[in-house]
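Okay, structure first, notes after.
Computed from a predicted model, the values in this text were never measured in an experiment. Note on naming: letters A, B, ... go to the chains in the order of the sequence lines (proteins, then strands), and numbering restarts at 1 for each one.
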Amino acid sequence: CSSANKEPKYTSEADLYHAAESQLQRSQWETAVRNLQSLEENFPFGTYAEQAQLELIYAYFMSGQPDAAIATANRFIRLHPQHRNVDYAYYMMGLSAYDKDKGMFERVLPTDLTMRDPGPARESLANFSQLLTRYPDSPYATDARKRMLYLRSLLARYEIHVANYYFKRGAYVAATNRGRYVLENYPQTPAIPDALAVMVQGYRILGLQESADQSLAILRDNYPSHPVLNSSGEFNERYSYGDGKRSWVNRITFGLFEKSEPPGFDTREQYDPVYQRPPRPGRS
Amino acid sequence: CSIFGKKTGNEPMELVKFDETVKVKKVWSRGVGAGQGDGFTRLTPSINGDVIYTVDHKGLVNALDRTNGKKLWDKKLRASISAGISSDEGMLLVATANGEVIALSQEGGSELWRKQLNGEILAAPATNGEVVGVQTMNGRIYALNAKDGEELWFYENPPPVLTLRGTPAPIVTSNAIYAGFSNGRLMAFNPDNGSILWEQRLALPQGRSELDRMVDIRANPILRDGTLYVASYQGKVSAVARGTGSSIWAQDASTSENLALAGNNLFLSTAGGKLASYDATTGELRWENEQLLRRVLNSPQTIDGYVAVSDYKGFVHFVDQSTGEFVARRKVDKKGVYAQMQTDGDVLYVLGNRGKLTAFSVSAD
Amino acid sequence: QSDSFRVSDIRVEGLQRVSAGSVFSALPIRVGDVLTQADIQSATRELFKVGYFADVSIGRDGDVLVLVIKERPAINAIELKGNKVIKSESLLDSLKQNDLAEGQIFQRATLEGITQALQREYIGQGRYGASVKIDVEDLPRNQVKVKIDITEGTVARIKKINVVGNQAFNDAELTDLFELKSSGWLSWISGNDKYSREKLKGDLERLESWYLDRGYLNFKVNSTQVSLSPDKSQIFITANVSEGEIYKVSEVELAGDPAIDEEIVRRLIMVRPEQNFSQILMTTSSEYITQRLGNEGYTFAKVEGIPERNDEDKTVKITFFIDPGKRAYVNRINFRGNTKTIDEVLRREMRQMEGGSASTAQIEHSKVRLERLGFFKDVKVDTVEVPGTTDQVDVDFTVEEQPSGSMNLQIGYAQYSGMLFSAGITQNNWFGTGKQVGFNLSHSRFQTGYNFTYNDPYFTVDGVSRGFNLYYQSSDYYYANISGYSTDVYGGKMTFGYPISDIERIGFDIGLRSLEVKPNQNASQEIQRSPAFIDGARYIDQDQFAYINESLNSGIDFPAGSIELGTVTEDMFGEPGFLDVYGKTFNDVQAGIYWAKSTLNRGILANRGASQRLSFEVSLPGGDLEYYKFDYTAQMFQPLTRSLTLRLHTRLGYADAYGDMDELPFFENFYAGGFGSVRGFERNTLGPRISPLRSASPVQASWDDVNGDGIVQSNERGTQVFLLCNDPSAPLPAGAICDPGQIVAVENQQVYTGRTRGAFGGNVLIQGGAEVLFPLPFIKDQRMLQTTFFVDAGNVFDTNCGARQPNCYDVDLSKIVMSSGFGLTWISGFGPMTFSISRPIRKGDLDRDEFFQFSLGQTF
Amino acid sequence: CSNFRFPGVHKINIQQGHIITEEMVSQLQLGQTKRQVRFVLGNTLLPDTFNDDRWDYYYSLRRGSDGTLSKYLFTTWFEGDKLVRWEGDHVPAPKPLSDSGQGQDSPLPTNTEEIPVPDVE
């Protein structure tokens with residue numbers, strides 16, 4: 001005896017689609033979502049079906065439901081692999097993952113994302129790279145490339161922070177490998193110069209002179225003004241680690257005052273273009 | 001829509017009113033122990049001469065004078081009993097929940113022998129004096145030496161995944177042991193060496209779920225002269241020739257209870273709650289009483305010209321053998337009557353699940 | 001027309017819902033093919049196979065191939081009726097898996113599929129009696145509506161489980177192991193009497209391992225039967241077993257390369273010759289050895305105990321095959337989920353070095369250290385092999401951040417201090433940097449305080465911590481149930497500490513403090529002399545006063561000057577209080593040292609391990625105060641059962657003065673009672689009480705020659721004087737106390753009944769208790785909740801009690817008060833909330849119990 | 001204050017790199033392929049991105065207790081896929097790590113209480 005929920009009145013496919021269109025214009029995301037959903041259910045193979053699904057992805061994204069947007073995009077890619085603007089679906093999937101975990105905390109307070117786990121943003125890297133490999137000349141490629149670079153430079157800088165810690169900790173193999181990891185996995189990112197510096201320093205401490213010289217040579221050729229190089233292009237002793245000297249003040253106060261550890265590598269200001277937040281995506 | 005579950009159409013049928021045309025008199029009534037256990041046991045009394053023997057699930061064996069209900073003797077077995085009691089060939093046979101057959105003497109119940117088998121025993125063992133036949137839930141039929149309980153042979157019929165609770169009691173004669181199995185097969189064995197005399201498939205499993213494919217032979221077969229009457233669940237009721245096992249007649253029927261035979265009338269209560277009567281020689285359906293649907297009827301029993309059957313609420317209904325019309329009804333035990341009622345023809349012995357044994361006599365007033 | 005022809009174009013008619021794409025992809029014909037009649041037949045068959053089409057006919061229009069297609073109807077809606085136990089969504093989901101859902105094409109097989117899928121759902125729930133009726137209603141535009149009517153029937157419940165053939169253990173013992181149970185009164189909640197094949201398989205495995213663990217090597221489950229009562233409402237399970245004999249261990253061998261010396265391995269083996277064989281002991285020994293090898297860096301080690309049976313003498317020879325595998329090295333340590341806490345805060349807790357030899361113990365130890373930080377609700381770790389290498393692993397930690405009270409505005413209510421308002425930021429993971437920073441402003445009737453604390457636990461990479469704190473606090477102890485004084489204190493402190501082992505730390509602090517004590521109206525003898533000494537006041541002694549009174553009342557006059565009055569001296573006003581001796585303001589330099597050891601498993605609401613802390617604080621000589629204080633707190637968790645844990649805790653304190661200070665300043669006393677101490681008693685009210693206040697009211701006793709006529713008439717009353725007691729037996733006004741040589745004064749007794757109960761504290765604290773932690777039923781996420789049944793005991797003593805201080809004893813264990821009750825702590829978004837109800841078991845007559853205590857938004 | 005020396009800051013052992021034992025070195029033969037060498041010595045933790053024909057097996061252990069540092073380097077050279085030269089010292093048979101300074105604080109497997117020890121009579 002449950003009251004039968006009344007069937008939505010069957011407006012024709014076209015009316016439903018145009019209603020949703022106008023709602024999108026007036027950024028009424030929720031109502032647009034409902035109309036597009038009923039359109040998809042009742043006319044799954046109609047003429048507007050594919051376009052409606054693309055609109056639905058966008059509506060979900062704008063109404064702050066990244067998961068739903070990703071799911072809809074995924075289904076679209078599976079159903080219409082050859083559709084002419086399937087690249088939009090890839091792009092939106094990347095974008096939704098990119099913004100997914102920006103809690104209030106990150107937005108309000110300036111937090112240095114390079115020191116933390118970028119969270120789900122890591123997935124968006126995979127989505128964007130799929131977009132770039134499959135549709136290099138898609139209209140969204142440029143923005144996707146810019147975001148990828150931003151993300152990859154985040155991850156690269158993260159590696160350098162870890163290397164700095166391991167130098168402090170005295171785990172020199174770990175530190176050197178972190179530098180090498182950046183070199184091999186994040187080419188053309190602003191962290192490359194610091195990665196080379198890390199390798200130079202690491203190999204020197206480990207006593208692998210040949211590798212140290214090689215890295216130093218590459219660093220000198222490409223980034224001559226890197227602080228780890230002194231005027232004559234040799235290794236700047238100020239950065240040398242190992243069991244350096246401790247000031248007597250530091251020694252008697254159990255190392256509580258005048259800590260004398262060499263500074264870590266962080267040349268973001270010098271090599272990293274002042275990266276501002278990439279702009280909101282325009283409508284498809 | 002009502003809160004307490006609306007009528008789904010498969011509740012047990014209401015009892016129909018009728019005026020009794022037969023007087024049912026209680027001859028005597030006596031408590032004989034704790035009755036049936038919680039393992040859905042069917043501990044059935046057994047008549048031998050003037051004595052009626054009973055056993056309860058706690059192990060209390062009673063021997064009563066069946067004319068007046070006086071206790072002759074009783075004996076406490078320290079074990080929980082899952083099957084019993086049979087009283088042929090001078091000895092009493094019961095079985096424990098741990099799969100052990102115990103033989104007692106009919107005078108005083110002293111223990112003759114006991115034999116541990118591997119499998120749960122839910123039907124009273126039977127004997128022809130030489131060999132004791134025992135069926136177990138894991139699809140085996142054992143033959144033990146009646147003198148000392150030693151195992152002679154056993155045959156195994158692996159049971160299907162889902163079966164009905166309980167097994168039929170085998171029939172042990174001098175030249176054959178007849179046993180029905182939960183896979184729908186009826187077999188006859190040579191009592192001495194266990195070789196198979198003949199084998200009949202009574203019912204074929206059909207359907208997809210384990211439930212639809214159940215075709216257990218649960219009813220105790222009845223042997224009279226040359227004919228063996230058997231019935232299976234979701235299968236057939238049939239008369240077969242005892243020598244060859246070939247089918248004389250067969251009708252579609254589904255019952256999990258024992259049959260009753262009186263003269264040329266064969267009575268059975270179906271799983272759906274119908275009481276039916278067949279012509280024993282031709283198998284033609286005489287009548288069906290459909291006023292007790294879904295009341296989970298137990299095994300029918302003939303008495304005088306009537307047939308008695310009990311239901312899940314513990315009512316015993318008497319119907320006329322020829323018409324199937326109700327003639328009388330008595331309430332015996334609200335927990336029900338799992339044990340088949342015993343009779344010598346004119347007195348009906350009913351053992352309620354809570355352990356009260358009552359003797360009724362029926363007279364047309 | 002010739003039999004075959006070349007296809008110039010393909011035209012499709014009659015498509016409504018199916019996309020042309022799927023038709024073309026199913027059609028084996030392409031434009032330009034040469035077709036024969038046979039090709040057309042096979043094409044039609046192909047299209048039918050797609051399953052979407054009711055009818056397909058392929059014709060020719062010249063060289064154009066024409067496909068006329070009539071689509072099958074699509075399911076517009078599925079309507080479920082009569083399902084109560086299983087909700088419609090889950091039924092629709094199971095239908096969807098057999099792609100029977102709205103929008104799908106309705107095929108003949110669909111009907112059969114629906115009944116089967118639903119039946120399987122119900123049989124899976126043990127409802128053998130369920131039945132399904134379906135009817136299909138046509139709708140416009142080639143759609144159909146599927147109406148399903150379900151009768152669920154009753155659920156079959158397990159009535160009895162019978163194990164046949166067991167001699168060594170009785171049925172009850174064995175069925176107790178089973179997860180499936182016969183219907184009991186609790187079954188309607190747990191549903192453990194519902195039959196499921198997997199559960200039965202699991203139960204039989206448990207039964208087998210029970211026997212194998214006790215030496216029955218030949219144990220076998222021969223067969224099991226599941227049977228149904230005729231009315232399909234009861235299920236019976238029978239397991240036929242054969243136990244076999246008990247096997248004894250004949251000898252224990254090691255085989256393969258143990259990689260670490262045999263002695264260590266042998267010590268880990270729990271299986272001994274002559275002992276009954278036990279599978280669990282064998283597998284546990286293998287696990288210990290595997291872990292031990294893991295600690296040595298052999299992360300890929302495999303150890304297996306193989307029993308070889310000797311059936312004649314029922315013995316078994318056990319050989320442990322050890323394959324250490326390659327020594328593994330850690331390639332990278334990755335952290336996921338730390339979106340707030342920075343990487344270094346996690347990495348510095350690592351005991352496993354990246355780029356070094358992998359050790360399971362160190363990885364496990366690192367996980368425990370992360371949990372101890374208290375920043376994460378949950379920490380998971382797994383070691384993953386690095387593809388392409390045979391001996392390298394990555395260690396991946398996944399953490400789940402938990403709010404560690406960043407910006408908290410706590411409005412709380414604690415009985416003793418009334419409304420507690422505290423705004424501030426106390427955060428021990430400041431912006432995820434792992435630094436502990438706190439600006440705290442708190443105000444309540446008891447205390448107003450401003451407090452800034454800063455501490456960097458990893459000032460150096462090895463964990464040397466450095467921090468400081470500045471504070472101002474004015475507290476009126478009256479509202480903390482401590483007798484009459486308030487203090488204003490401000491100061492600063494430098495703190496640092498460092499680990500002396502992985503679980504022990506030593507710390508020092510040094511600081512300046514300036515303290516001012518203000519007694520209020522019901523201060524006590526110990527604090528300040530009472531009655532208050534008024535300089536220059538005059539007194540008359542008792543009998544002289546009586547004599548004068550008597551004579552004046554009978555009209556006799558006296559010559560002026562004949563009554564001499566003395567001026568009071570201090571010692572007539574009772575013992576000097578602390579403040580009288582040492583003044584009211586104190587500036588001192590405080591130094592402290594602490595030693596702490598903790599193996600607790602979690603930062604907040606721990607339930608495993610133990611922690612203890614011994615601290616020694618001294619007010620350095622040269623300051624206004626000279627006292628020292630020992631304070632020892634310890635707690636220990638001992639798991640009782642899988643869900644119950646016993647917590648033992650204690651706190652011992654001793655303080656005393658030294659040098660030229662001969663009694664401990666009263667504001668440094670220990671107190672006991674209430675939360676964090678002996679629950680069930682009013683806060684801080686246990687132990688010594690103040691000796692009651694005295695007030696001396698001057699008497700209208702002296703007569704002066706007011707009118708200067710040389711004679712003192714009886715009406716010439718002069719100034720008020722004090723009465724000096726020298727004859728205690730003489731009649732005195734009510735409540736007055738006469739100590740010889742002291743001014744007669746009145747004691748105000750109601751101090752003990754007022755708010756503070758006259759509590760004063762003492763210099764020795766003994767306190768402890770035992771609690772049983774139990775999980776609340778029905779609540780899933782217990783990580784933020786702790787419920788306990790506790791017994792608390794303790795009291796405060798004083799080694800030099802004031803003469804008339806009631807309830808003040810030197811250390812005497814028989815005076816310990818005790819209470820027992822239930823406590824609940826919940827870490828909510830606002831911070832910890834604590835409730836407790838308790839009953840005293842043993843208390844002194846002056847101790848006041850308090851049945852219900854609670855505190856919101858404030859750690860106790 | 002008294003000559004009670006404050007216990008030093010507890011420092012953990014820092015172990016880096018690969019343990020190459022004498023027994024491993026004894027299995028090396030000139031001309032072995034890279035796969036064979038990798039099977040014997042294991043994967044190097046310090047692959048050189050620019051030169052895959054030189055494999056350095058570096059090992060170091062700084063003891064937290066006394067700060068002593070022991071360092072070993074073992075290098076192999078290849079031409080094409082053939083081992084042509086190796087040089088360097090191998091680590092003396094390593095004492096089981098857990099008995100060194102680090103041992104005491106990483107107790108026997110910490111999660112022992114998860115493995116239920118049966119109350120077998």
**Asked** What closest approach, in Å, do Ile205(A) and Lys71(D) show between heavy atoms, and which atom pair accounts for it?
**Response** O-NZ, 3.4 Å
**Residue part contacting chain A, namely of Leu73(D), when any heavy atom lies under 4.5 Å** = side chain
**Request:** Indicate the atoms forming the closest heavy-atom contact of Glu210(A) with Asn51(D), along with that distance.
**Result:** OE2-ND2, 3.9 Å
**Request:** Please examine the side chains of Phe50(D) and Leu183(A), heavy atoms only from C-beta on, and report whether any two atoms are closer than 4.5 Å.
**Result:** yes
**Complete:** Closest non-hydrogen contact found for Pro47(D) with Asn177(A) is CD-OD1, 4.5 Å
**Prompt:** If every non-hydrogen atom of Tyr172(A) is compared with every non-hydrogen atom of Gln16(D), which pair is closest and at what distance?
**Reply:** N-OE1, 3.5 Å
**Prompt:** Which value, rounded to the nearest 0.5 Å, describes the distance between Thr75(D) atom OG1 and Leu208(A) atom CG?
**Reply:** 7.0 Å
**Complete:** Closest non-hydrogen atoms of Thr49(D) and Met199(A), given as atom of the first, atom of the second and distance, are OG1-CE, 4.0 Å
**Request:** Check whether more than 12 heavy atoms from other residues, nucleotides or ligands sit under 6.0 Å from atom CD of Gln209(A), and answer yes or no.
**Result:** yes
**Residue pair Arg180(A) / Leu46(D), side-chain heavy-atom distance below 4.5 Å** = no
**Complete:** If one checks every heavy atom of Leu206(A) against chain D at 4.5 Å, the contacting part turns out to be both
**Asked** What pair of heavy atoms forms the shortest contact from Gly17(D) to Val173(A), and how long is it?
**Response** N-CG2, 4.3 Å
